[in-house]
Amino acid sequence: MNNHADVIIVGAGVIGCAAAYYLAKAGSSVIVLEGSDHIGNGGSSRNGGGVRQSGRDPRELPLAIYGIQTLWPTLSEELEVDCEYHQDGNLRLGKNEAHAKILTDLADRAIACGLDVRIIDGEEVRQMNPYLSQEVTVASWCPTDGHANPLTTTLGYYKMARRMGVRFLTGEKAVQLRTIRGKLRQVMTEQNVYEGDQVLLAAGLHSRALAGTVGIDIPMTTSLLEALVTEAQPHLFDQMLGTAEADFYGHQTKHGSFVFGGSSGLEPYNKDNGTPVTSSITAPCICRGIIKYFPDLKDAKIVRTWAGWSDKSADGVPVLGAVEEVPGLYLACAFTGHGFGISPAVGEQLAKLMLTGKTDVDLSPLHYDRFKAKI
């Protein structure tokens with residue numbers, strides 16, 4: 001078997017699959033190595049599906065805007081799969097003055113970047129979504145935000161990348177990177193060695209250990225995110241929802257079920273046996289939030305819950321782009337639980353960077369070198 005390609009990608013989540021697709025579309029040969037037995041086994045199949053610009057750090061906001069303006073609207077047609085993309089806006093909810101200040105600060109930062117977002121009161125919130133309770137007194141509203149299906153999107157990129165000749169190898173856990181004559185050339189798995197002109201690390205938390213084998217330390221840690229899905233309900237609303245403190249989010253899917261995520265505040269104390277396991281504490285907290293926000297859903301049955309590890313960045317935004325100290329190495333990790341919405345833009349822009357050295361969106365605020373000591 002030929003273990004050489006122009007690009008070796010480590011990680012077959014939505015980021016790795018998207019980058020593989022755009023690289024192959026431009027004519028590159030690509031091998032994707034996935035340590036688990038399944039495509040999209042990490043956060044790509046365990047997230048709430050938000051495709052939002054509001055509430056983002058200004059450093060990653062340009063990627064979100066670019067993706068929503070240029071890629072998401074036609075992605076289902078391009079990937080020949082229903083990504084279930086809805087652009088019906090995002091309501092970020094608040095209940096008190098402290099929440100109003102958080103929302104206003106986030107909105108001001110977004111407006112400064114050119115985003116259409118505004119603060120509305122509880123009455124206007126309920127005009128948009130009459131199912132919300134009286135507890136909601138304020139919200140930010142971004143009409144160009146939305147949501148999509150993470151699983152079908154990931155598999156859409158995977159399917160099209162394979163059609164273009166990308167080789168996906170599951171059960172091939174990368175354990176080490178190796179440089180040859182000062183340039184990164186090889187990815188070693190538990191059984192094989194793969195060689196490429198460029199290597200993209202898109203393996204979530206595992207990216208830190210791999211980068212460490214060539215002396216690069218990405219400051220990120222684990223964060224367990226939990227979510228639940230209800231049985232199908234009559235159609236209620238299409239907006240994506242969030243909260244000022246980012247402790248609750250959700251939307252109604254095309255199927256009719258609701259996907260809700262949230263936190264208990266006790267996640268650092270969850271039991272960890274090496275797999276993402278839901279706790280007995282978080283789901284009831286999410287359910288109490290649902291009832292307070294949406295009294296009409298109080299009798300909805302929970303079909304299942306799930307959990308997933310988030311690769312939490314030290315400063316809350318991803319690490320993207322080339323690593324100056326190790327020529328040939330590119331990073332796409334530390335997405336801090338909000339990588340899905342920007343995944344098409346990240347995949348496309350990293351492909352352009354690896355092929356041409358240039359991007360349409362300025363990625364410099366997200367480069368690894370921001371963690372270097374300043375002289």
**OP:** Apply ring-ring contact (aromatic ring centres under 6.0 Å, His included) to Y330 and Y368, showing your working.
**Re:** CA-CA 10 Å; Y330 294 79; Y368 168 76; over 10 Å; no
Subject >> Residues D238 and Q252: side-chain donor-acceptor under 3.5 angstrom >> reply: no
Original post:
Do the charged groups of E245 and K95 touch, with an N to O distance under 4.0 Å?
Top reply: no
Original post:
With sequence neighbours excluded, what pairs up with Y293 under the ring-ring contact (aromatic ring centres under 6.0 Å, His included) test?
Top reply: F248
Original post:
Between F260 and F294, what is the ring plane arrangement, given parallel below 30°, perpendicular above 60°, and tilted in between?
Top reply: tilted
Subject >> Test item: L297 and F258 side chains (from C-beta on) under 4.5 Å apart, heavy atoms >> reply: yes
Original post:
Under the side-chain hydrogen bond (donor to acceptor under 3.5 Å, both in side chains) rule, what pairs show up with a residue in residues 104-117, not counting sequence neighbours?
Top reply: K101-D105
**OP:** Look at the side-chain heavy atoms of Ile, Leu, Val, Met, Phe, Trp and Tyr, link any pair under 4.5 Å apart, and say whether I119 and M128 land in one connected group.
**Re:** no
**OP:** Take atom NZ of K352 as the centre, draw a 6.0 Å sphere, and report whether it contains more than 12 heavy atoms from other residues, nucleotides or ligands.
**Re:** yes
Original post:
Could K292 and E135 be called an ion pair, given the rule that one side-chain N must be under 4.0 Å from one carboxylate O?
Top reply: no
Exercise answer: donor-acceptor pairs, residues 173-187 side-chain atoms, under 3.5 Å, sequence neighbours excluded:
residue	atom	partner	partner atom	Å
R178	NH1	Q186	OE1	3.2
K183	NZ	D197	O	2.4
R185	NE	E195	OE2	3.4
R185	NH1	D197	OD1	2.7
R185	NH2	E195	OE2	3.0
Q186	NE2	E195	OE1	3.2

Quiz: residues 18-36 side-chain donor-acceptor pairs under 3.5 angstrom, not counting sequence neighbours:
residue	atom	partner	partner atom	Å
Y21	OH	E78	OE2	2.5
Y22	OH	Y157	OH	2.8
K25	NZ	E78	OE2	2.8
S29	OG	D6	N	2.8
S29	OG	D6	OD2	3.2
E34	OE1	A12	N	2.8
E34	OE2	S36	N	3.1
E34	OE2	S36	OG	2.8
S36	OG	H38	N	3.1
S36	OG	H38	O	3.0

**OP:** Kindly say whether A334 contributes a backbone atom to a donor-acceptor pair with the side chain of D311 at under 3.5 angstrom?
**Re:** yes
Original post:
Quick one: do the Q53 and D145 side chains pair a donor with an acceptor below 3.5 Å?
Top reply: yes
Output side-chain donor-acceptor pairs under 3.5 Å for residues 340-349, partner residues at least two apart or in another chain, one line each.
residue	atom	partner	partner atom	Å
S343	OG	F340	O	2.7
E348	OE1	Y66	OH	2.6
E348	OE2	Y66	OH	3.4
Q349	OE1	D360	N	2.7
Q349	OE1	V361	N	3.1
Q349	NE2	Y66	OH	3.4
Q349	NE2	D360	OD2	3.2

**OP:** Assess whether atom CZ of R162 is packed by more than 12 heavy atoms of other residues, nucleotides or ligands within 6.0 Å.
**Re:** no
Original post:
What do you reckon, is CD of E77 surrounded by more than 12 foreign heavy atoms closer than 6.0 Å?
Top reply: yes
Original post:
Out of curiosity, does V326 fall in the hydrophobic cluster containing V10 (side-chain heavy atoms, cut-off under 4.5 Å, transitive links)?
Top reply: yes
Original post:
Would you call E324-K372 a salt bridge at under 4.0 Å N-O?
Top reply: yes
Original post:
Does some side-chain heavy atom of I39 sit less than 4.5 Å from a side-chain heavy atom of L155?
Top reply: yes
Subject >> Contacts of H251 that satisfy ring-ring contact (aromatic ring centres under 6.0 Å, His included) - sequence neighbours left out >> reply: H147
**OP:** Just do the salt bridge (charged side-chain N to carboxylate O under 4.0 Å, His left out) check on E80 and R163 with the steps written out, would you?
**Re:** CA-CA 12 Å; E80 298 181 10; R163 185 181 296 179; 3.1 Å; yes
